[in-house]
Amino acid sequence: MRTHDAGTLRAADVGSEVTLAGWVGRRRDHGGVIFVDLRDASGIVQVVLNPDDAPASEQELNSLRMEFCISVSGTVRLRPGDMANPDLPTGEVEVVAAEMAVLSPSETLPFQIDDRTEVDEAKRLQYRYLDLRRPSMTANLRARSRTIRAMRDVMDDLGFMEIETPTLIASTPEGARDMLVPSRLREGSFYALPQSPQLFKQLLMIGGVERYYQIARCYRDEDLRADRQLEFTQLDFEGSFWGQEDVLSTLEEVSIRVTKELRGIDLDRPFPRLTWHQAMERYGTDKPDIRFGMEIHDLSGVFAETGFNAFSGVLASGGSIRGINAGPLGLSRSGLDGLSSRAQELGAKGLVWMVTEEDGGLRSPVAKFLSDREMEGLVGTLGAVPGDILLLVADETRTVLEILGLIRLEVGQSEGHDELAYLFVVDFPVFERNEDGDFVALHHPFTAPVDVREMSENPGHAISKAYDLVLNGSELGSGSVRIHDPEVQAKVFETLGISDEDAERRFGWFLEALRYGTPPHAGFAVGVDRLVAILQNAPNIREVIPFPKTQSGADPLTGSPARVEDEQLRELGIEVRPEVRAEWAAGESAGG
RNA sequence: GGGGGCGUGGUGAAGUCUGGAGUUCACGCCGGCCUGUCAAGCCGGAGGUCGCGGGUUCAAAUCCCGUCGCUCCCGCCA
């Protein structure tokens, strides 16, 4: 149907007879000659429709509109005179049409297909097939494809085998909510869609596979965010006779190859590393953006003897005072007060700002409560120079770090991702406490502790062989050395408060599998959507997912999720509660 | 579950704070002119219950209450 791709034509093609097909990007009708920007997946080339050449009937030529799908046969020639368009890769040439045919006309578009205007996202999703014609979306899809191919190339080079694991699995009520799928053959029972292939890839290790990977679709039924969808894609891999360094080095390989592919730059290795504890202390988060400094400093020593009640009270109750040097932010008094109220929104009692003066003194609403020695200590600890703005929070240490971590991002983080800062965070704790004070696994309960005895005796401080890959403040993925000893696995369940009975019921099959000569193994999962989004400078992962869901989990194009026929429910042994049906009825009568 | 932002011809925006005729700008659409433009240009035209419902008022896009949708964030995401 065609001989060439529109976007590939160059001066070297001059004189060629070509047949192209694609869409009318723009039409410039001069009454006589008509110029059409013909767009296909490869790009754009200018087509000249001259009525003197009678490429089609006059009526057909005049009927051409945006996004008509057409085919054109003609000759490639250099553009005459100085009419080359340097903004187009094909700008030196044009195709003079001898024949033009409308393959498929288009109705007037619901929105313009154009990267310059930002159309309401619900509208874009409703007409996603049109949205995908926009050059930025085409570029994102291509980048995603190249990313996944580069990942497969790396994994193949390293001797990994690609294996598919099931997506209809048993629910293990731990962690995120499972997406459930009712079983017809066993009424009243449900499959779960996997949150990750975790247990299956461990079974593959026990099965002697040694090196597995998969581009795996994963599902978590939790609230959506800019970087979270109900379903998402991970590069999931696992290796036997492997430790942490094998995994991290593989991750470097993958990141370097993908970054080279999409950005054309060579990353240095090894990637920087922080322990979880360092990350929390210096950045107030386990996924620091290290493209900029503004590190958190402990100022409790500076204020040990302070007469400022707000600070001394916090210290007396075991909290701490910490701060960042935000540099010369260029904020007004009201802007600074805005930061204070933002900190309060985030859960701090307050945030104190100080501006460093030319004479080394500090201007601040609380300056009058501070001694000269305290001010000197502040300026010294935070390395402040005149004009620098210092932001302090006093509270329970955990709160202080969290708030300063968030404020640091709000005042310091740059908008896009021109610069890339990959980082490994290692030495995560095995457990954290939930709101009830019970231990829960910070990573997942199959993660190996560094020291089993330490884990039993002092679970709150035990370190695990778990690690994260972070890029520009985003968690790209997590992994760990897994437990291969059933005794250790049982101890972890015990510490988590899972009884032997419970563990046997939920994971008995897995504990049994561990007893048959399980090799030591370790692995990781990289979030493909997040990685591509960052490398493409996209504001959220929906931009790199062809058909994403809205924040309420809906697809405006196909109407999912949707109700089903009562007959379907009956077959599954499922009933919709009467109050839900009442809501449906109310919603239908209320309308819009 | 909670907090913030947004919703105005087909699209994007201004107008909303401080109520006074559906006003304005750009794109698109329809018609006309135009044979070298490339976000083509010029002239003319059509097109909107200002998301929806209620309230206040002589008067509501504008103020108040509720609701729906989209979005960002907190919770949640082993």
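Quick note on labels: first sequence line is chain A, next is B, and so on, each numbered from 1.
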Please state the C1' separation for the pair G19(B) and G55(B) - nearest whole angstrom.
15 Å
Mind listing the closest non-hydrogen atom pair of M280(A) and T285(A) along with its distance?
SD-C, 3.4 Å
Do you know which two heavy atoms are closest between D286(A) and V470(A), and how far apart they sit?
O-CG2, 4.1 Å
Whole angstrom is fine here: how far is it from CD in E222(A) over to P in C74(B)?
14 Å
Counting any heavy atom closer than 4.0 Å, what does T117(A) reach on the DNA or RNA strands: base, sugar-phosphate only, or nothing?
nothing
I want to check a possible cation-pi pair here: R408(A) against Y283(A), using under 6.0 Å from ring centre and within 45° of the ring axis as the test.
no
Can a cation-pi geometry be assigned to R133(A) and Y127(A), taking NZ or CZ under 6.0 Å from the six-membered ring centre and within 45° of the ring axis?
no
Suppose you measure atom P in G47(B) against the same atom in G9(B); what distance do you get, rounded to whole Å?
15 Å
Distance alone, cut at 3.5 Å: any donor-acceptor contact between the side chains of D5(A) and T8(A)?
no
Checking C70(B), C77(B), G12(B) against the side chain of V119(A) (C-beta onward), the nearest is G12(B)
How close do R124(A) and V119(A) get, heavy atom to heavy atom, and via which atoms?
CD-O, 3.4 Å
Contacts of G553(A) and P445(A) projected onto RNA chain B by closest heavy atom; the upstream (5') one is G553(A)
With B for base contact, S for sugar-phosphate-only contact and - for none (protein heavy atoms under 4.0 Å), nucleotides 29-40 of chain B reads SSS--BBBBBBB
Quiz question: going by heavy-atom distance under 3.5 Å, is there a donor-acceptor pair between the base of G75(B) and the side chain of D223(A)?
yes
Mind checking the P distance from A40(B) to G45(B)? Whole angstroms is fine.
23 Å
Could you check how far CD1 of I541(A) sits from C1' of C77(B), rounded to whole Å?
12 Å
Please work out if E118(A) contacts a base, only the sugar-phosphate, or nothing of the nucleic acid, heavy-atom cut-off 4.0 Å.
sugar-phosphate
Within the pair K123(A) and C70(B), is there a side-chain N or O less than 4.0 Å away from OP1 or OP2?
no
So R220(A), base contact, sugar-phosphate only, or nothing? Heavy-atom distance under 4.0 Å.
sugar-phosphate
Establish, from distance only, whether the side-chain atoms of Q234(A) and R530(A) form a donor-acceptor pair under 3.5 Å.
no
Looking at every strand, decide which applies to S552(A) at a 4.0 Å heavy-atom threshold: base, sugar-phosphate, or nothing.
sugar-phosphate
Mark yes or no for a side-chain to base donor-acceptor pair under 3.5 Å between R124(A) and C70(B), with no hydrogen or angle criteria applied.
no
